[in-house]
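Count residues from 1 along the sequence. What you are looking at is a predicted structure, and each value in this text was computed from that prediction instead of being measured.
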Amino acid sequence: MLSYICLNWVLLVLLTGSTVSELLVTGEVGQDITVPCHYSVQESNDITSMCWGRDRCPNSKCSQTIIWTDGWKVTKQHSSRYQLKGTLSRGDVSLTIVNAREADSGFYCCRVEIPGLFNDQLINHKVVIKKAKITTASPHTYTSEQTS
């Protein structure tokens, strides 16, 4: 009986796992796009490591890691186009994509590593980068009046 209860508990934990949110972020080609991600920091021992990856959040770590922090500083960065401009020590780990391209469209995962089993904070972001709208000025026609 005890093994049955333990098995059900393990299955419940494995099937529910961490809560995952999903947000949409849109921007235009050439802009700097900020993809938000924050976690609560009340005191310095709340500061923790986190990663950003391309694709949805997997069961652990990040897929196609593009940036990683130890909570205090960036420790791995795939490209200088990916930056964390927020105050890491205050839990602002928002990702800025510098000079966005259409190819930057897709899913991004923000994983904040919270100690303990299945405690990580996971946020999937769908990023859509569109071509900039081109506006053209309408041609002006100037006429002059002639007097006789």
Same cluster for L84 and V25 if Ile/Leu/Val/Met/Phe/Trp/Tyr side chains link at under 4.5 Å?
-> yes
Tell me, which pairs form a side chain to side chain donor-acceptor pair (under 3.5 Å) where one or both residues lie in residues 79-101, sequence neighbours left out?
-> T34-T96, H38-D92, R81-D104, D92-S94
Give the C-alpha distance, both sets of side-chain angles, the deciding distance and a yes or no for side-chain contact (heavy atoms from CB on, under 4.5 Å) between D32 and I97.
-> CA-CA 6 Å; D32 290 357; I97 304 170; over 6 Å; no
Measure from the side-chain N and O atoms of Y39 to the backbone N and O of T48, and report whether any donor-acceptor pair falls under 3.5 Å.
-> yes
So do the side chains of C109 and R54 get within less than 4.5 Å of each other, counting heavy atoms only?
-> no
Which side-chain N or O atoms in residues 56-68 pair as donor and acceptor under 3.5 Å with protein atoms at least two apart or in another chain?
| residue | atom | partner | partner atom | Å |
| --- | --- | --- | --- | --- |
| K61 | NZ | E113 | OE2 | 3.4 |
| T65 | OG1 | C62 | O | 3.3 |

Which residue pairs pass the disulfide bond (SG atoms under 2.5 Å apart) test with at least one member in residues 68-100, sequence neighbours excluded?
-> none
Could you tell me whether the side chain of I33 reaches within less than 4.5 Å of the side chain of I129, counting heavy atoms only?
-> yes
Are any of the side-chain heavy atoms of K131 and E102 separated by less than 4.5 Å?
-> yes
Can you find a heavy atom in the side chain of T69 that is under 4.5 Å from one in the side chain of C51?
-> no
Shortest non-hydrogen pair, Q42 vs D46, comes out as N-OD2, 2.8 Å
Tracing side-chain links under 4.5 Å among I, L, V, M, F, W and Y, which residues wind up in one group with L24?
-> V128
Note: with side-chain heavy atoms under 4.5 Å as the link, the other cluster members for F107 come out as none
Treating Ile, Leu, Val, Met, Phe, Trp and Tyr as nodes and any side-chain heavy-atom pair under 4.5 angstrom as an edge, say whether V41 and L95 lie in one connected cluster.
-> yes
At what distance, to the nearest 0.5 angstrom, does CE of M50 lie from CG of L88?
-> 8.5 Å
Sequence neighbours left out, what passes side-chain hydrogen bond (donor to acceptor under 3.5 Å, both in side chains) with K73? Give chain and number order.
-> D70
Least distance between heavy atoms, C110 atom then V93 atom | SG-CG2, 4.3 Å
Can C37 and Q121 be said to form a side-chain contact (heavy atoms from CB on, under 4.5 Å), step by step?
-> CA-CA 10 Å; C37 188; Q121 174 184 308; 4.2 Å; yes
Step by step, work out the side-chain contact (heavy atoms from CB on, under 4.5 Å) result for D55 and Y108.
-> CA-CA 5 Å; D55 210 354; Y108 288 78; over 6 Å; no
Are Q31 and V29 close enough that some pair of their side-chain heavy atoms sits under 4.5 Å apart?
-> no
Shared ILVMFWY cluster between V74 and V112, side chains joined below 4.5 angstrom?
-> yes
